[in-house]
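Each residue takes its place number in the sequence, starting with 1.
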Amino acid sequence: MHHKAPSAQPPYPLPSLPELNPATIKKLDRRNIQRFIRIEALLRSQVVWDLYEKATRRTRRRKSAPPIRSVDLWLFLYGGNRLKLIGEAHAPMRRLLWDDSLRERFHVEDGWAVLLGSHHRYLRPQSISFRIGEGIVDLSILHRREDLSFKLEYLNEDQSRYLYLMIDSAEVSLSDLRALQDLLRKRQKTILSEAKLQAPHPVKDVTAWMLYLQSHDMHRYQGMSAENVGKNLYGAPGRRLTMTPKDRNKCENARRQVLRACANVQKLIDFAVKGPWFPSLL
């Protein structure tokens, strides 16, 4: 038996998993890896499928694209991807971006733009000149970017979360930085407590998790047997009428790996939907 009936399907096409560059994996921030994996888990959850269906109905009368205040999301949608929301084919996504249910329920910053793969930036080393690190933007550089005319709109965002400073590089001292760190710790503790966030899933090997997700999608959504997935992803030999004991063991081991991968992804999905999940920042 080479195929099984596919499981319940997501109501949207899942964004293709990005190809990883082995040379840059070690340079990735562990927190960003967790953010990426968490979003991938949520996109495979029934809870988010239901949110999507409701959001689609709520926004079906919207005509235009919503204002974008996030620097990263604006760059993704209009910077290097200027055609991403233009044309009738993208009208459903333009409307959907008005809905904040994914952002509010699970603190997914990009909202439904993750269906376009906006969260793939978490698996790329930082290359934006005005971004010092995740969560830190140099407003002095950003202000000089003419193409980012919206750049200060997000100053109206939640002031309990965002802290806007002017730091004199010639005057700041280590004691000043320690005081700033203490302030950030206190504010973060309050924010995470109020949001009832849970500790992050201990995702470490992103390469392994990409393989788990591929295995899960091929087996659960595409209806491929565990044996065939094992052949495609784990190098198991194809089944034949006559097989050596060694080849039979390879097939069985690959099949078990696929089933373990599916179980791991399901546990991750269950963990992600329990509530907002943020890596500890300090």
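- Here the closest non-hydrogen pair linking A254 and G230 is CB-CA, 3.9 Å.
- When all heavy atoms of F76 and L116 are compared, the pair lying nearest together is CZ-O, 3.4 Å.
- Panel note: side chain N232, backbone V229; no donor-acceptor pair is recorded below 3.5 Å.
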Derivation and outcome, side-chain contact (heavy atoms from CB on, under 4.5 Å), residues E40 and H119 = CA-CA 9 Å; E40 289 293 330; H119 60 302; 2.7 Å; yes
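- Between the side chain of R256 and the main chain of N253, no donor-acceptor pair closer than 3.5 Å is present.
- Side-chain atoms of L123 and N32, non-hydrogen and from C-beta on, never get closer than 4.5 Å to each other.
- Here the closest heavy-atom approach between residue A226 and residue R255 is recorded as CB-CG, 3.5 Å.
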Please test F106 against R38 for side-chain contact (heavy atoms from CB on, under 4.5 Å), starting from the C-alpha separation and ending with a verdict.
-> CA-CA 10 Å; F106 291 109; R38 172 180 176 263; 3.5 Å; yes
Starting from the C-alpha separation in whole Å, work towards a yes-or-no answer on side-chain contact (heavy atoms from CB on, under 4.5 Å) for L73 and E109.
-> CA-CA 9 Å; L73 185 53; E109 291 295 323; over 6 Å; no
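- Taking the six-membered ring for Trp and the full ring otherwise, Y212 and W209 have centroids separated by under 6.0 Å.
- In this structure, R44 pairs ionically with D217, as a charged nitrogen and a carboxylate oxygen lie closer than 4.0 Å.
- When every heavy atom of A8 is checked against every heavy atom of Y221, the shortest pair comes out as O-CE2, 3.5 Å.
- Looking only at side-chain heavy atoms (C-beta outward), D247 and K250 come within less than 4.5 Å of each other.
- The shortest heavy-atom contact between R103 and G111 is NH2-N, 3.6 Å.
- Taking the side chain as every heavy atom from C-beta outward, I269 and Q46 never approach each other to under 4.5 Å.
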Could you walk me through whether V258 and E227 pass the side-chain contact (heavy atoms from CB on, under 4.5 Å) check?
-> CA-CA 8 Å; V258 171; E227 289 83 358; over 6 Å; no
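- Salt-bridge formation is not detected for the pair R248/E252: no Lys NZ or Arg NE/NH1/NH2 atom is positioned less than 4.0 Å from an Asp or Glu carboxylate oxygen.
- For the pair L43/P15, a side-chain contact is recorded, criterion being any heavy-atom separation below 4.5 Å from C-beta on.
- Using a cut-off of 4.0 Å between Lys/Arg side-chain N and Asp/Glu carboxylate O, K267 and D270 are scored as not salt-bridged.
- The shortest side-chain heavy-atom distance between P18 and R124 does not fall under the 4.5 Å cut-off.
- For the pair W112 (side chain) and D100 (backbone), a donor-acceptor distance under 3.5 Å is absent.
- By the 30° and 60° cut-offs, the orientation of the rings of Y12 relative to Y52 is perpendicular.
- With respect to D50 and R105, no salt bridge is recorded, no charged nitrogen being found less than 4.0 Å from a carboxylate O.
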